[in-house]
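Encoded as structure tokens, the structure appears first; notes follow it.
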Amino acid sequence: MAGFDFDIGIIGAGSAGLTAASGAAKFGAKVLLVEREKMGGDCLHFGCVPSKTLIRTAQVRHAMQHAEGFGLPKIELPPVDFIAVRSRILSVIDTIQRHDSPQRFCSLGVRVEFGDPTFSDEHTIRLGGSSFTAKSWLIATGSSPAIPAIPGLPDVPYLTNRELFYLDGLPSSLVILGGGPIAIEMAQAFARLGTRVSVIQRSPQILTREDKDMAGIIQQSLEADGVIFHLNVSVAGIRAIPGGCVVSARKADGSPHDISAESLLVALGRKPNLDGLGLERIGIERTDSGMVLDDRLRTKHTHIYGAGDVTGAYQFTHAAGYEGGIAVTNAILRLPRKVNYTAMPWCTYTDPELASIGMNERRARDAGIEYSIHQEPFSANDRALAERTTAGMVKLLLDKKGNPLGIQIAGPHAGDLLAPWVGIMNGSKLSTLAGAVQPYPTLAEINRKIAGNVFAEKIFSERVKSALKFFFNLRGRACG
Ligand SMILES: Cc1cc2nc3c(=O)[nH]c(=O)nc-3n(C[C@H](O)[C@H](O)[C@H](O)COP(=O)(O)OP(=O)(O)OC[C@H]3O[C@@H](n4cnc5c(N)ncnc54)[C@H](O)[C@@H]3O)c2cc1C
């Protein structure tokens, strides 16, 4: 390490940066971690953790509202006190925060500094009047809500994921711009808490990364919760009115369409946090969506890496952690590990959830791959019936040889139900899942059933049946 203060300097203490810092320290490296705001990043403070906590509260209220469906007396619910909901969110954040604290990272051997770093050369940052040098650098500064240039938007007090979980009160009505996972999760949660929610989406489908039928299951569920969708509608401008704002939109045929609400949530995608780091000074290339990196996550200066949302690839916490690990292995151990996103899973935490791994129909078609589909509805799963969670299905795509290309699950606990498929997409056998006994009654039986159906089709083909008849002298159906 001759000449450098640290083996590795990591900028950004979020999902990617924290994974990389603890990994590098465990390997015995001298690590500097620089954060400009709070340790834990977006996921902990403005993303996954507050959103999933809010979603759970909304689910409980929804169950209470539908008590009759469970054979219980109908109850009149008082309005939601958002301050109490916010306190619960903060208490969950606070508990997790301890795991991500500077003290814990210091105990791992990582030096944590706060401030706004800027590169002065390829190995050196300036931070609060001091210089720090490192042999390798990892940029893991995450992303922020993208705010498009919509006329009037800067003049209205709009919300993003940074403010949404910290409101002083529940908005009576909320218009959401965007139909991606964040928009859709929050639309359902706020609707279930009692807000009148409208979603404006330019394309004809929500959750555009997903197949239309699977996204349709989610849309139906949100509609049942009272969410109003304005699809194929583009926003022309926004103006403030007393007590709220009006979004002036245009339908696909050009006709005007105004939607008003007390609050406005902008959830129109993300932009990488790369400004102010002095990247242009050291010649690091970037696009609007992220850093320009090779498959080992290196910039053109091969000792400077990028991981997490700044890559512009898969903007999830688990993807950030995976990339942080790849970058550290390359930087510290000098092992040439490449990223491979073929088996990157994800889940949208609506009710029902929508989880996915590998190819869906859309991606298979785009790649010109021939596929067949197997489907299994939750309405045929005994546990789902008992739980009153029968909406949704599992959809398995197979290639010509019968190998799994991908799986999508729209249903209860879909994210958890994806676990065996993560194994299969990483090399475990479909036949193992098909043959394994699952406890009854569980939702997990649906995975065994759909895997079993694939083999049953082969085993119980007409040809096999006639061979069995012949060899064992079977006589066929006993009932007409
Ligand atoms: C509402 C919402 C819900 C989400 N839900 C999920 C979910 O359920 N599951 C999931 O997998 N993903 C979810 N995500 C996405 C997830 O939060 C991100 O993909 C993840 O946080 C990215 O990790 P990261 O390390 O790249 O960035 P972050 O975790 O945001 O960390 C970046 C860190 O860098 C710091 N930083 C930024 N600029 C600088 C600078 N110049 N100098 C020093 N430090 C800097 C930031 O303050 C931050 O602490 C959600 C996101 C949102 C917004």
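Excluded from the calculations below are hydrogen atoms, water molecules and symmetry mates; all remaining heavy atoms, backbone and side chain alike, are included. For ligands, and for the atoms within them, numbers begin at 1 and follow the listed sequence.
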message: I'd like the residue list for ligand 1, meaning every protein residue with a non-hydrogen atom under 4.0 Å from the ligand.
response: Ile11, Gly12, Ala13, Gly14, Ser15, Ala16, Val34, Glu35, Arg36, Glu37, Lys38, Gly41, Asp42, Cys43, Phe46, Gly47, Cys48, Ser51, Lys52, Pro117, Ala140, Thr141, Gly142, Asn161, Ile182, Arg270, Asn273, Leu277, Gly308, Asp309, Gln315, Phe316, Thr317, His318, Ala320, Tyr349
field: Non-hydrogen side-chain atoms of Ile357 and Ile424 separated by less than 4.5 Å
entry: no
message: So if I apply the side chain to side chain contact (heavy atoms under 4.5 Å, CB included) rule between Leu159 and each of Ile176, Leu167, Leu264, which one comes out positive?
response: Leu167
Residue that, paired with Asp211, satisfies side-chain hydrogen bond (donor to acceptor under 3.5 Å, both in side chains) out of Arg362, Lys395, Arg365: Lys395
- prompt: Hey, is the main chain of Ser120 close enough, under 3.5 Å, to the side chain of Thr124 for a donor-acceptor pair?
  reply: no
field: Heavy-atom closest contact (Glu210 atom, Ala215 atom, distance)
entry: CB-CB, 4.5 Å
- prompt: Is the backbone of Ala307 close enough, under 3.5 Å, to the side chain of Glu323 for a donor and an acceptor to pair up by distance?
  reply: no
